[in-house]
J.: 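Sending over a structure as structure tokens; questions will come in a sec.
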Amino acid sequence: MTESSRSATPWLFLLPALLLLSLSVLIPALLALLMSFTRSGLDVSEPLTWVGLSNLRRLLADTAFQRVLGTTVLYLVGVVPPIVVGSLGLAILVNRKLPGIQLLRAAYYTPVLVSIVVAAIAFRWLYAENGFLNGLLSNWLGADAQPIGFLTDPRLALVSVMVVTFWKGIGYYMVIFLAGLQGIPTELYEAATLDGCRGWRVHLHITLPLLRPYVVLVAVISAIAATKVFEEVFLMTQGGPAGSTRTLVYYVYDQAFRELDISYACTVGLALFLLVVLLTLLRFGVAQSSRFL
């Protein structure tokens, strides 16, 4: 076998996957980028009209886009820190050698296996004014207690949706931290105990420094997932009440399938793509700098 044929062999194995990736991801992404410089009519059979940077100028002046961008950032800030702290705490908890610990790990991971549709329906029932949570509050505070509009109050709706994202994701990120914890030599903890370091101080001086790459990874992955949140909003609030839960991805859906403004939806999608790229570059930057700490 010649050197050229030997080097071409891996590409032949990759060719089917590359073709599928091109048809399902790369080509649609390039077409969406192209459409962001055009204007589409309500009739999809009409030819596209080239408008240059008109959609971008519209995006920069769009107050609705600015609002959904702020909501998306608020969602990111409200979800990522609790997920990082909560999943790390659970990983430390289930990393102990206790009877039945495997069942406990499975129980914490179960929400990851639950369909988001099932989770959204379940939480809508929990949040309903005649649902489980308001029933508990009524039993606790008395029959005269006013029901709380978890999904109908603009001040509470976004937080209520955040809880679903947290509940669905904490078990997945727990597994990532658990893998990191099991790679830490137990001798380090034994030496720390002999030196008088116990309790939370052990995790502060040993666990956290050694898990820094995992913390960065979980923070960035959960941030990207929070930036692209859609299912929870679509199934639970439809972007309401009063647009308080309308995020970037839901705004893309709104413009594309309700307003039928495909070109502008592609422009908003391009802004979302740039935000995800920024988070990815931040992850690589933090990971690179952590090597020198």
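Numbering starts at 1 and runs along the sequence shown. As the structure is a prediction and not an experimental result, all values here were calculated from the model.
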J.: How long is the gap from CG on Leu21 to CG on Leu14, to the nearest 0.5 Å?
T.: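 It comes to 10.5 Å.
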J.: As an exercise, state the distance from CD1 of Ile262 to OG of Ser36, rounded to the nearest 0.5 Å.
T.: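 Reported value, rounded in 0.5 Å steps: 13.0 Å.
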J.: Could you report the tightest heavy-atom contact between Ala64 and Arg246, atom names first, then the distance?
T.: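 Heavy atoms of Ala64 and Arg246 come nearest at CB-NH2, 4.1 Å.
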J.: Closest approach of Tyr214 and Ile176, non-hydrogen atoms and distance?
T.: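 Looking at all heavy atoms of both residues, the closest pair is CD2-O, 3.6 Å.
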J.: Hey, are the side chains of Ile148 and Leu133 touching, using non-hydrogen atoms and a 4.5 Å cut-off?
T.: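 Heavy-atom side-chain distance check fails, nothing below 4.5 Å.
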J.: Can I get a per-line list of side-chain donor-acceptor pairs under 3.5 Å for residues 163-174, giving both atom names and the distance, sequence neighbours left out?
T.:
from, atom 1, to, atom 2, distance (Å)
Thr165, OG1, Tyr75, OH, 2.4
Thr165, OG1, Glu232, OE2, 2.9
Lys168, NZ, Pro111, O, 3.3
Lys168, NZ, Val112, O, 3.3
Lys168, NZ, Val114, O, 2.4

J.: According to a hydrophobic-cluster definition based on side-chain heavy atoms being under 4.5 Å apart (Ile, Leu, Val, Met, Phe, Trp, Tyr only), do Val68 and Phe230 belong together?
T.: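 Hydrophobic grouping puts Val68 with Phe230.
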J.: Could you measure the distance from the CG atom of Leu181 to the OG1 atom of Thr186? Nearest 0.5 Å is fine.
T.: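 Reported to 0.5 Å precision, the distance equals 12.5 Å.
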J.: Please confirm whether the backbone N or O of Asn55 pairs with a side-chain atom of Thr267, one donor and one acceptor, at under 3.5 Å?
T.: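 The answer is no, because no donor-acceptor pair under 3.5 Å joins these two groups.
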J.: Looking only at heavy atoms, what is the nearest atom pair of Phe257 and Leu260, with distance?
T.: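 The pair with the smallest heavy-atom distance is O-CD2, 4.1 Å.
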J.: According to side chain to side chain contact (heavy atoms under 4.5 Å, CB included), who are the partners of Pro209, at least two apart in sequence or on a separate chain?
T.: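 Here no residue qualifies.
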J.: Report all side-chain donor-acceptor pairs from residues 88-100 shorter than 3.5 Å, counting only partners two or more places apart or in another chain.
T.:
none

J.: Test of understanding: with salt bridge (Lys or Arg N to Asp or Glu O under 4.0 Å), list the residues that count as partners of Asp62, not counting sequence neighbours.
T.: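 In terms of salt bridge (Lys or Arg N to Asp or Glu O under 4.0 Å), with neighbours along the sequence ignored, Asp62 is linked to no residue.
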J.: Could you check Leu151 against Leu156 for side-chain contact (heavy atoms from CB on, under 4.5 Å), going step by step and ending with a plain yes or no?
T.: CA-CA 7 Å; Leu151 298 178; Leu156 299 176; over 6 Å; no
J.: Under the side-chain contact (heavy atoms from CB on, under 4.5 Å) criterion, do Tyr253 and Val249 qualify, and how do the steps go?
T.: CA-CA 6 Å; Tyr253 164 82; Val249 177; 5.9 Å; no
J.: Any heavy-atom pair between the side chains of Leu33 and Phe37 that's under 4.5 Å?
T.: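 Yes, their side chains come closer than 4.5 Å.
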J.: A side-chain contact here means heavy atoms from C-beta on lying under 4.5 Å apart; do Trp140 and Leu136 qualify?
T.: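 The answer is no; the side chains never approach within 4.5 Å.
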J.: Between atom OG1 of Thr207 and atom CZ of Arg212, what is the distance when rounded to the nearest 0.5 Å?
T.: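 So the gap between those two atoms works out to 13.0 Å.
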J.: Angle class for the Phe65/Tyr251 ring planes (parallel below 30°, perpendicular above 60°, tilted otherwise)?
T.: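 Tilted, since the angle between the ring planes falls between 30° and 60°.
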J.: When rounded to the nearest 0.5 angstrom, what is the spacing between CH2 in Trp125 and CG in Asn130?
T.: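 Interatomic distance, Trp125 CH2 to Asn130 CG, rounded to 0.5 Å: 10.0 Å.
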J.: For the side chain of Ser54 and the backbone of Val51, is there at least one donor-acceptor N/O pair under 3.5 Å apart?
T.: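 Looks like no, no N/O pair under 3.5 Å.
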J.: Can you confirm whether Tyr264 sits close enough to Leu59 that some side-chain heavy atom of one is under 4.5 Å from a side-chain heavy atom of the other?
T.: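 Heavy-atom side-chain distance check passes, below 4.5 Å.
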J.: Counting C-beta onward and ignoring hydrogens, is there a side-chain heavy-atom pair between Ile121 and Leu235 closer than 4.5 Å?
T.: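 Heavy-atom side-chain distance check fails, nothing below 4.5 Å.
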J.: Could you check Thr280 against Val276 for side-chain contact (heavy atoms from CB on, under 4.5 Å), going step by step and ending with a plain yes or no?
T.: CA-CA 6 Å; Thr280 304; Val276 172; 4.3 Å; yes
J.: Remaining members of Leu23's ILVMFWY cluster at a side-chain heavy-atom cut-off under 4.5 Å?
T.: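 Ile27, Leu31, all in the cluster of Leu23.
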J.: Answer with yes or no whether the hydrophobic clustering places Val175 together with Ile101; edges join I, L, V, M, F, W, Y residues whose side-chain heavy atoms lie under 4.5 Å apart.
T.: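 Yes, Val175 and Ile101 fall within the same hydrophobic cluster.
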J.: Indicate the atoms forming the closest heavy-atom contact of Ala157 with Gly240, along with that distance.
T.: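 Taking every non-hydrogen atom into account, CB-O, 4.3 Å.
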J.: Measure the spacing between CD of Gln182 and CD1 of Ile184 and express it to the nearest 0.5 Å.
T.: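 So the CD of Gln182 and the CD1 of Ile184 are separated by 10.5 Å.
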J.: Is Tyr127 reaching over with its side chain to a backbone N or O of Ser160, donor-acceptor style, under 3.5 angstrom?
T.: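 Yes; at least one donor-acceptor contact below 3.5 Å.
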J.: Output yes when a side-chain donor or acceptor of Ser138 lies under 3.5 Å from a complementary backbone atom of Asn134, and no otherwise.
T.: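 Checking the backbone N and O of Asn134 against the side chain of Ser138, no donor-acceptor pair under 3.5 Å is found.
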J.: Among residues at least two apart in sequence or on other chains, which ones pass side chain to side chain contact (heavy atoms under 4.5 Å, CB included) with Thr38?
T.: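 Partners of Thr38 by the side chain to side chain contact (heavy atoms under 4.5 Å, CB included) criterion, ordered by chain and then number, come out as Met35, Leu48, Trp50, Ser263.
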J.: For residues Gln255 and Ala265, report the shortest heavy-atom separation together with the two atoms involved.
T.: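 Closest approach of Gln255 to Ala265, heavy atoms only: CB-CB, 4.0 Å.
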J.: For Phe234, does its backbone N or O pair with a side-chain atom of Gln238 as donor and acceptor, under 3.5 Å?
T.: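 Side chain of Gln238 to backbone of Phe234, a donor-acceptor pair under 3.5 Å: yes, one is there.
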J.: Are Leu20 and Leu26 connected into the same hydrophobic cluster when the rule is that any two of I, L, V, M, F, W, Y join if their side-chain heavy atoms are below 4.5 Å apart?
T.: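 Hydrophobic grouping puts Leu26 apart from Leu20.
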J.: Starting from Leu15, walk the hydrophobic network (Ile, Leu, Val, Met, Phe, Trp, Tyr; side-chain heavy atoms closer than 4.5 Å) and list everyone else you reach, by chain and number.
T.: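 Joined to Leu15, directly or through intermediates: Leu19.
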J.: So, for Pro241 and Thr152, which heavy atoms are closest and what is the spacing to 0.1 Å?
T.: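 Taking Pro241 first and Thr152 second, the nearest heavy atoms are CG-O, 3.4 Å.
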J.: side-chain contact (heavy atoms from CB on, under 4.5 Å) for Thr71 and Leu158? Distances and angles first, verdict last.
T.: CA-CA 9 Å; Thr71 303; Leu158 189 64; 4.0 Å; yes
J.: Would a distance-only check, ignoring hydrogens and angles, find a side-chain to backbone donor-acceptor pair under 3.5 Å from Thr110 to Ala106?
T.: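 Confirmed, Thr110 side chain pairs with Ala106 backbone.
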J.: Any chain of hydrophobic side-chain contacts (each under 4.5 Å) joining Leu278 to Val268?
T.: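 Different clusters: Leu278 never reaches Val268 through Ile, Leu, Val, Met, Phe, Trp or Tyr contacts under 4.5 Å.
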J.: With Phe273, which residues qualify under ring pair (Phe, Tyr, Trp, His ring centres under 6.0 Å), at least two apart?
T.: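 Applying ring pair (Phe, Tyr, Trp, His ring centres under 6.0 Å) to Phe273 gives none.
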J.: With clusters defined by side-chain heavy atoms of hydrophobic residues (ILVMFWY) lying less than 4.5 Å apart, directly or transitively, does Leu281 cluster with Val216?
T.: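 Linked within one cluster.
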J.: What residues form a side chain to side chain contact (heavy atoms under 4.5 Å, CB included) with Gln102, not counting sequence neighbours?
T.: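 Result, side chain to side chain contact (heavy atoms under 4.5 Å, CB included) vs Gln102: Arg105.
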J.: How about Tyr108 and Leu104: do any of their side-chain heavy atoms sit closer than 4.5 Å?
T.: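 With C-beta onward as the side chain, the pair touches.
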J.: So, using salt bridge (Lys or Arg N to Asp or Glu O under 4.0 Å) as the criterion, who are the partners of Arg58 when residues are at least two apart?
T.: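 Once residues adjacent in sequence are excluded, the partners of Arg58 under the salt bridge (Lys or Arg N to Asp or Glu O under 4.0 Å) criterion are Asp261.
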J.: For residues 145-164, pull every pair meeting salt bridge (Lys or Arg N to Asp or Glu O under 4.0 Å), keeping only residues two or more places apart or in separate chains.
T.: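 Only Asp153-Arg155 qualify under salt bridge (Lys or Arg N to Asp or Glu O under 4.0 Å).
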J.: Output all residues satisfying side chain to side chain contact (heavy atoms under 4.5 Å, CB included) with Thr72, sequence neighbours left out; order by chain, then residue number.
T.: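 In terms of side chain to side chain contact (heavy atoms under 4.5 Å, CB included), with neighbours along the sequence ignored, Thr72 is linked to Thr227, Thr247, Leu248.
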